[in-house]
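Scroll down for the structure; my scribbles are underneath it.
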Amino acid sequence: MSIPESAAPATLAGEVRRKTGLNPATCYQCGKCSAGCPMAVETSLRPHDVLRMLQFDDREQLLSSESIWLCLTCETCTARCPNSCDPARIIDCLRETALNEGAAQPPRNIRAFHNAFLKQIQRSGRLFEMGLIMSYKMRSGALFADVMAAPGMLGRGKLALAPSRIQGLEEIRRIFDACTRHESDSTSTTTAQQNPGTEGAENA
Amino acid sequence: MRELQELSSKLLSEGDVSVVIGYEEGPRGVRPAFIRTPEETNRLVFDHRAVQNLAVYLSPRRAHLRKRGRPAVVIKGCDARAVAGLLRESQISRDDVVLIGVRCGGVYRDPESNGPLSEENVADRCTGCDLREPGHVDHLVGELPSEPPATDRRKSRIAGIEAMSPEERFDFWSSELERCIRCHACREVCPMCVCERCVCEKTDPSWVESSPHLRGALAWQITHALHLAGRCSDCGECERACPAGIPLSLIKGKVNQVVEDRFDYRAGDDPDVPSPLGDFRLEDDQEFIK
Amino acid sequence: MNEATAARPSSEGEAFEPRIVAFVCNWCTYTGADLAGTSRIQMAPNVRIVRLPCTGRIDPLFVVKAFERGADGVIVSGCHPGDCHYTAGNYHARRRFAVFRETLSFLGIDLDRLTFSWVSASEGRKWSEIVNETTARVRELGPFTSYRDLVDEG
Amino acid sequence: MARIGVFVCHCGENIGRTVDCEAVANACGELPGVVHAVDYKYMCSDPGQNLIKEAIAEKNLTGVVVAACSPHMHEKTFRKATEGAGLNPYLCEMTNIREQCSWIHEDRDAATAKAIDLTRFISEKIKRNSPLAPISISLERRALVIGGGISGLQAALDMADGGREVVLVEKQPSIGGHMSRLSETFPTLDCSQCILTPRMVEVHQHPRIKLLTYSEIESVDGYIGNFSVKIRKKARGVDETRCNGCGECQSVCPMKKIPSEFDAGLGNRTAIYVPFPQAVPNIPVIDRENCLRIKGMQKKKAKAACGRCAEACGRDAIDFEQEDTFVTEKVGAIVVATGYQLYSIGKEQTRKGITGYGEYGYGTVPDVIDGMQFERIASASGPSGGEIVRPSDGKVPKRVVFLQCIGSREPSKGIEYCSKLCCMYVAKHTMLYRHKVHDGEAIVFYMDIRAGGKGYDEFVRRAIEEDGAKYIRGRVSSIQREGEKVRLTGFDTLSGEQMEIDADMVVLATAMQAQPGIESLAQKLSVSYDGHGFINEAHPKLRPVDTNTAGVFVAGACQAPRDIPDSVAMASATASKVLGMFSKERLEREPTVAGVDKVTCSGCFHCERACPYGAVERYEVLNRSGEVEKVIAEVNEGVCQGCGSCQVACPSKSIELEGFTDAQIFAAINAL
Amino acid sequence: MKIGYFPGCSLHATAREYAESLGVITGPLDVEINEIDDWACCGATSAHATNHLLGVALPARTLALAAEQGHEQILAPCAACYSRLAAARRAVDNDPATGAAVEKAIGRSVGTARPISLVRLLAELAPKVREKAKRPLEDIKVACYYGCLLVRPPELNDLDDVEAPTMMETVVKATGAKPVSWNRRLDCCGGGFSLSRTSSVVRLSRTILEDARGAGADVLVVACPMCHSNLDFRQKAIARRSEGGMDIPVIYLSQLVGLALGQDHVALGLGRHFVSTASFISRIPGPREGESAAATEVG
């Protein structure tokens, strides 16, 4: 663990600070966020560990960690942090940076879900559960999960059979492009940026 | 003005006063008159031309007058404001002077004009005058005339200047004050200027540069305006006395307007109501303070 | 303007650096400025502080003289209402400066060159903000030579 | 012709690092009137001060300008040195080129140019300084102490033992403050009653201490040496001269269920009550909100309700009609010792901008209490007689969890400072608990243990090593009631484990805050206070017990969180300051007062209206024949505090404030 | 009272009963909800988890549409949608740089429309609910479940408190039912991992359901379709792991209010839940005007 003199822009903490305005150095490692984190038992890096590694610029290990993908974004850590470090927003930003640098290694299912979800919105502007489940199954390989539930869902009229497209689909596509382009020109690193929203994200 | 003449000669003959300060016919309109004997009282007149503010003769700086004994002075409503100012600042005591209040229906802006009062020739200060019958006086003469015609000439000129940008305003006043030769007539004629030695005569330090260049003139006008805040009786004599014709009453008018807007106060003729610039309220506005 | 040490290189083409005088009260703002010092809060070097016992002692004539002597901006600052060491100095000052400010504006002085503030002894950071903000604002307005050079046109 | 010496200080490298002191000295050397300009590494050191003295002698200087730190730091030092060399001290002034120049700028040229400007200001100003002699004023050699906690008591006793009369004003019915509510005190574990009660009795019986309990400061006028303080003695409802403290009235009072403030709401008290057994004075007070008789009177009921205490009183000391009375005391010095208040874990807070602990249930979860409540439970005179029991069901808790830093070090709740002594009293609590419940388990959630006093860390180590307190480094995310237990979800950052603990009782070590209402008292004394309501000391290192207002001193936790040993030391410090001040018959006062130029004053008395102290008087100018020529203004030097408000109000500038005359300020502006 | 309405994707499919019950109760409470036309998905977790600007731009477009269609307030019954709309509102208001980037991305100006959660709306209408209640739910014990995004993060919360909200309880009391006090009210149910990491959802939802059962609740009331699907749809899987099985009906707050207002339970979509609501409906005495209600298994 090398100790950087100050959170210069080159460090990951500096990058997080530039993008979110949050300063990871304000965290004094009290562990209150990790105490309340519902996923603490299932992850190796809890929120305060993430902040610790940020303070010591452990870039590779952090951006390639699986833990940052096991975050439920339930904001408990942010609500209870004594120093208002907002770990939830910082972990959001780490995921985004990891994706942009191609360093992200989310568990297969979670990557599949996010990709399927965002593909859905790009295609029809609204979520079409059936489409999402199909697309998720193909990407995750979990072909038989919840198959038994299909009849129940149908019987209760909970499964729309056709996607409801919106008129402003062009606008949604423009939003996705703008957001991915926005990321590319503001990311300092040079590696090719991949974002699950765009077509080329399949093999991220 | 028979009533005024009879009253004056009565006062003089009974020795109650040794001089009656009033108005008499003059080469250009009326001029101040100092009547010492009952016989001369027939020279006293009062009409729309009586613009001068005779309260200025009560100021302690005119010590020579005081030596002449107790004066009686003819006071219009607006002049009563100045007298109240002098009383408020203990420059004269009430029983040192006899005040002959005269009911006034407005005066000309220029004493040489004549004919009925109209929107063009009436003095700015007469608009909406609430002191046509002066209070706090010993005697009261003349009948209550009708409302003087209203004019918003000065108010609109002030608004015109306010509408300008700072640079334009600066150029406007620079061009006006350029003509100031620092004769200080505006100070001599002002009833409220009671200082033994004026601040602009103070040399160590000389806060107000005395040479007649624009920087000194601006400093002097700012100082005079601030000194009159909450005290100026708006008699307009400073502007009328200025040989260079600088619209000084606009500056004093603006300051009076600011004092009225902020502290809901107008220098009135009641000597017991003090000027707001000397005390404070906890909840004064401070929107301009960061 | 003391020509010997004219620190303002505006004429030689370098960026214009405004000269700002600050009249501050000794008990609150001056101590607040000291606190900014002990906390090493960096700020613009354009402000020269003149210490006075109370805002009640800050005379509008000082401000006029400062502009006459070539100041591009003036700051007047003291204790928050209620905190005055002499109980009422800042209340009197508040009324005096309310009238003075509008008179100056009527005569054509740009009020952006004047900053009034309350800064307490524990508000070092607020003082640095007042200094930086006024410096930036006055730098944008440019030099105020028009007032100091009135003598030439006279 | 002025002969001025300019002395530029490097202040080690505090100034030298960013300001080229030599250049400043050289530049000032050329200023008109400056005959001597030198720079030196440490001007405030003895050799530095000798430089000044020698220069004054050799070049018979008429003015000394020291360009160094803030005048608040060393103006007195350099003025004494100047006086030592025979030059009037008021001809020496400082330029602040450290706090207001070198420390706040990095650009060396700009900082140096600024330092030169500032020094030029003062050297132009000094040319117009006139020699002044301090004013001597009368001195009321009595002291007032506000607050009867340990600090107030100690200060009062030291001053009274020093031979001076002391008036001690305490807001509560009895003196003793928070210390009287503690069980044992760290680090020696001696019981607080045993070390405090003798002091309280000593104060009560001391011939030179006038004790005014259940009283508050109404207003403060005057200035150092001559304060006139109006004190409101709140109506006790009991005649102090008649009552002998027998307690009959308390036993008959029907209102038995009023939560006792002294016991932090755990025990009960009656409407007419004495806060605690060792209260001094041992005279009850009637709680006007809860006394049936007084409530009836307030509603103007015809039939007088209750009144049993009056019947039971053998000495007819109860007086329901008693009104607040006022006493005015003339004193020369004031010691503020109003103490602190604990942060409330509930939703309502007494200070602005502070929020409660929602994640711990806002204090509604049973058996979650704060440190003071635990003290009351552990105290022998407490509601449970010293036996450690749970407030909810009175059972002995088998596992107690203590949480450090509740409110303190927590910017999101509005308090960013550390309250300094919770680490110590939590360790003490674990000891008290383990000593009384041998099979009990004490767990402490902490972040960093801060026990820096003498014998302090050893005390905490003993709690861990001998008394088996389990210290977990981490914080608790939420506290909830789980059946009979209190469930905490915490985290141990050392072992990296999330943990859920079921405890019987939880004690929150809450932050120390300023007393509510301290702002209005500070404004009455015109003393400054910081954003949290703690009183500002004049200088943290050089004048820690003075305040900026001459004659007002500060002691104890009202200035910052502080434990008993420090409070007592600080109280004795204020006493020594006051006794030093009272060692002289009269008091010498800064001569920076106003004076009127009798020639040019026109007697408009604008100055009189602007003066907050009424220091302007009327002076009759007589002519040769003895008649009053005119009436002009004159300043009473003793009353004038030197604010200068009059000078700005004077149109003709005939009134001048010494030290800040128009000429001096004009010269400074001119040197812009 | 006229108000914009943003249903969100799930209210058209897996959470149809939430939309149905809402549609039925707004009439009696005289609130007119007008669905914003051409609304799009708010991006839920996946958008902001992978691209901050995307997570703000998508809901910002909805804010813009609402403003253009003249709605000052937008009702967002789904907690996730409410949270995203509030996050967009706050980002645009407080951070000019993001505001500019968002407006460039969506090609519209965002306007001043603000989201309001269903819990807050019903809490404000609680007096009216009490006054219009036809069917007393006196002895029904209800566990109010807020979940996470309804109360957190603190600056987006529009309820009365972040850590100790009481608005849901206020609405439940207005319907005559009795809210039970229990601990897991604000815990996260596993949210977006419903498909991708079901084991976590089962673990978290199980502790919530067990705590509600422990507190003696007859029914669990939620205000978020994601929480509902994790607690209701997954309850069978949870029952297998929890000793003593698990059979607590999970309904929406709008359905409970609908019941109190005397609406027919079929119209409220009470038959669409996986855990049968029949048992708890049968315990509700008939409406005061004697309207017959036959509980049926499948709607």
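Throughout, protein chains are lettered first and strands after them, A, B, ... in sequence-line order, and every chain is numbered starting at 1.
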field: Part of A/Thr73 lying under 4.5 Å from any heavy atom of chain E
entry: both
query: How long is the gap from NZ on A/Lys137 to CG on E/Leu195, to the nearest 0.5 Å?
result: 7.5 Å
- prompt: Taking all atoms of both residues into account, what is the closest heavy-atom pair of E/Asn51 and A/Cys179, and its distance?
  reply: ND2-O, 3.4 Å
- request: Work out which heavy atom in A/Thr78 is nearest to a heavy atom in E/Pro153; give both atom names and the distance.
  value: CG2-CB, 4.4 Å
field: For A/Lys158 against E/Thr14, the heavy-atom pair lying closest together
entry: NZ-O, 2.8 Å
message: Nearest 0.5 angstrom please: E/Leu65 CG to A/Glu171 CD, how far?
response: 6.5 Å
query: Which bit of A/Cys71 is near chain E, if near means a heavy-atom gap under 4.5 Å: side chain, backbone, both or neither?
result: backbone
Under 4.5 Å from any heavy atom of chain A - which part of E/Leu149: side chain
Most chain A-contacting option - heavy-atom pairs closer than 4.5 Å, from E/Cys148, E/Cys188, E/Ala49, E/Ala40: E/Ala49
field: A/Arg108, part contacting chain E, at a heavy-atom distance under 4.5 Å
entry: neither
Chain A contacts, top residue of E/Gly43, E/Gly8, E/Gly147, E/Gly269 (heavy-atom pairs, under 4.5 Å): E/Gly43
- request: Taking atom types as modelled, find out whether A/Asp92 and E/His52 have a side-chain donor-acceptor pair closer than 3.5 angstrom.
  value: no
statement: Applying a strict 4.5 Å limit to non-hydrogen atoms, the region of A/Ala79 in contact with chain E is both
field: Given E/Ser46, E/Cys9, E/Ser196, the one that forms side-chain contact (heavy atoms from CB on, under 4.5 Å) with A/Phe117
entry: E/Ser46
Interatomic distance, A/Asp86 atom CG to E/Glu155 atom CD [nearest 0.5 angstrom]: 6.5 Å
message: If we define contacts as heavy-atom pairs under 4.5 Å, which of A/Gly157, A/Ala98, A/Gly152 has the most with chain E?
response: A/Gly157
- request: Evaluate the criterion side chain to side chain contact (heavy atoms under 4.5 Å, CB included) for residue pair E/Leu58 and A/Ile172; output intermediate values, then yes/no.
  value: CA-CA 8 Å; E/Leu58 285 172; A/Ile172 300 299; 4.2 Å; yes
task: Answer yes or no: is there a donor N or O on one side and an acceptor on the other, between the side chain of A/Arg95 and the main chain of E/His48, under 3.5 Å?
output: no
- prompt: Would you call E/Glu17-A/Arg156 a salt bridge at under 4.0 Å N-O?
  reply: no
- line: Here the pair of heavy atoms bringing E/Leu54 nearest to A/Phe176 is CD2-CE2, 3.6 Å
- request: Take E/Asp37 and A/Gln167 through the side chain to side chain contact (heavy atoms under 4.5 Å, CB included) test and state the conclusion after the steps.
  value: CA-CA 9 Å; E/Asp37 63 14; A/Gln167 285 96 14; over 6 Å; no
field: Engaged part of A/Ile121 at the chain E interface, taking heavy atoms whose separation is under 4.5 Å
entry: side chain
task: Provide the closest heavy-atom pair for E/Ser200 versus A/Glu42 in the form atom of the first, atom of the second, distance.
output: OG-OE1, 2.7 Å
Heavy-atom pairs under 4.5 Å with chain E, option from A/Arg80, A/Met130, A/Met153, A/Glu75 with the top count: A/Glu75
- prompt: Between A/Met39 and chain E, which part of the residue has a heavy atom less than 4.5 Å away: side chain, backbone, both or neither?
  reply: both
field: Straight-line distance of E/Arg152 CZ to A/Thr76 OG1, nearest 0.5 Å
entry: 3.5 Å
field: Residue, of E/Arg16, E/Arg108, E/Arg197, that accumulates the most heavy atom pairs under 4.5 Å with chain A
entry: E/Arg197
statement: All heavy atoms of E/Ala105 vs all of A/Ile175, minimum pair found to be O-CG1, 3.8 Å
message: Walk me through whether E/Phe193 and A/Ile110 qualify under side chain to side chain contact (heavy atoms under 4.5 Å, CB included).
response: CA-CA 8 Å; E/Phe193 282 175; A/Ile110 291 178; 3.9 Å; yes
message: What verdict does the side chain to side chain contact (heavy atoms under 4.5 Å, CB included) test give for E/Ser10 and A/Glu129, after you've listed the backbone C-alpha separation in whole Å, the side-chain angles of each residue and the deciding distance to 0.1 Å?
response: CA-CA 8 Å; E/Ser10 32; A/Glu129 267 97 356; 4.2 Å; yes
- prompt: Of the listed residues (A/Arg89, A/Arg174, A/Gln120, A/Arg165), which shares the most heavy-atom pairs with chain E below a 4.5 Å separation?
  reply: A/Arg89
message: Counting only non-hydrogen atoms closer than 4.5 Å, does A/Leu132 touch chain E with its backbone (N, CA, C, O), its side chain (CB onward), both, or neither?
response: side chain
